[in-house]
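Take a look at the structure below.
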Amino acid sequence: MLYHLIVFLVRAAFFFWYNIRVEGRENIPKNGNFIFASNHRSYADPVLVVICARGKFRFMAKSELFEKKAFGALIRALGAFPVERGKGDTAAIERAINTVHEGCHLLIFPEGTRSKDGRVGKGKTGVALIAAQAGADVIPVGLSFGEKLHFRSKIIVRYGKPIPAAKLAVSEGLGEREMLRSLKKNVVPPIMDGIRALVDEPPAIPMAEETSEKELN
């Protein structure tokens, strides 16, 4: 009850502060627990995904964010739990995998870090492993907005159709090298393609060689 009250209050505050449009909410099944995989643009991303969807969420957040008392308290109330990045935090990974078996949705950011140019980057195999082992359908999410968030920024939150868990499964008994190869080939592409299809990306920056050639002409 407290969780849903907090989500209600935060939703009201965010919809007042920002100009938020939600698309594709009908793609979220009313029953079951899922993995929501989103692109990553800002610290507000997990809050946006949670308040615009339905159901209870859990998500990993880097431990440094919890050092900011007010923000740490907010994201913890919304379902965040800390992870030590770059240190092989297996406990946090196991906690993430178990989330969908404990009656909650799991929110992940496959890029592993925030995009600096607004374009969707490459997916990390570690996050893909969580998606593969959790055994839940994955719902891609696309967040689109300008360079920086400010009062009344226009934000579009799009939810795509679920990607079946069977499509993201990896064989058991694989060695580390084979596992990584399978994740890169079978798990990362469908998740990232699903996210990329929902994001309004800015135009790609021309290659330096192309720019130089135009200048010469």
Looking only at atom types and distance, does a side-chain atom of [X] sit under 3.5 Å from a main-chain N or O of [Y], one as donor and one as acceptor?
X      : Y      : result
Glu111 : Gly121 : yes
Arg114 : Ser42  : no
Arg41  : Ser115 : no
Arg158 : Leu198 : yes
Ser63  : Pro82  : no
Arg152 : Phe16  : yes
Arg25  : Cys52  : yes
Glu201 : Val120 : yes

>> Ring-plane angle category for Tyr159 and Phe36, please: parallel below 30°, perpendicular beyond 60°, tilted otherwise.
In response: perpendicular
> Under 4.5 Å between any side-chain heavy atoms of Leu48 and Ile20, yes or no?
Replying inline: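 A side-chain contact exists here, since the closest heavy-atom pair is under 4.5 Å.
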> Is there a path from Ile108 to Leu78 through hydrophobic residues (I, L, V, M, F, W, Y) whose side chains come within less than 4.5 Å of each other?
Replying inline: no
> Linking I/L/V/M/F/W/Y whenever any side-chain heavy atoms sit under 4.5 Å apart, do Leu107 and Ile156 land together?
Replying inline: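 Different hydrophobic clusters.
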> Can a cation-pi geometry be assigned to Lys68 and Tyr43, taking NZ or CZ under 6.0 Å from the six-membered ring centre and within 45° of the ring axis?
Replying inline: yes
> Hydrophobic clusters join Ile, Leu, Val, Met, Phe, Trp and Tyr when side-chain heavy atoms are under 4.5 Å apart, directly or via other members; which others share one with Leu9?
Replying inline: Leu5, Phe8
> So which of Ile139, Asp193, Val187, Leu168 actually passes side chain to side chain contact (heavy atoms under 4.5 Å, CB included) with Ile163?
Replying inline: Leu168
Is [X] atom [atom1] crowded by more than 12 heavy atoms from other residues, nucleotides or ligands, each under 6.0 Å away?
X      : atom1 : value
Arg177 : CZ    : no
Glu26  : CD    : yes
Glu102 : CD    : yes
Phe15  : CZ    : yes

>> Suppose we screen for side-chain contact (heavy atoms from CB on, under 4.5 Å). Which residues come up paired with Leu129, at least two apart in sequence or across chains?
In response: Gln133, Met179, Leu183
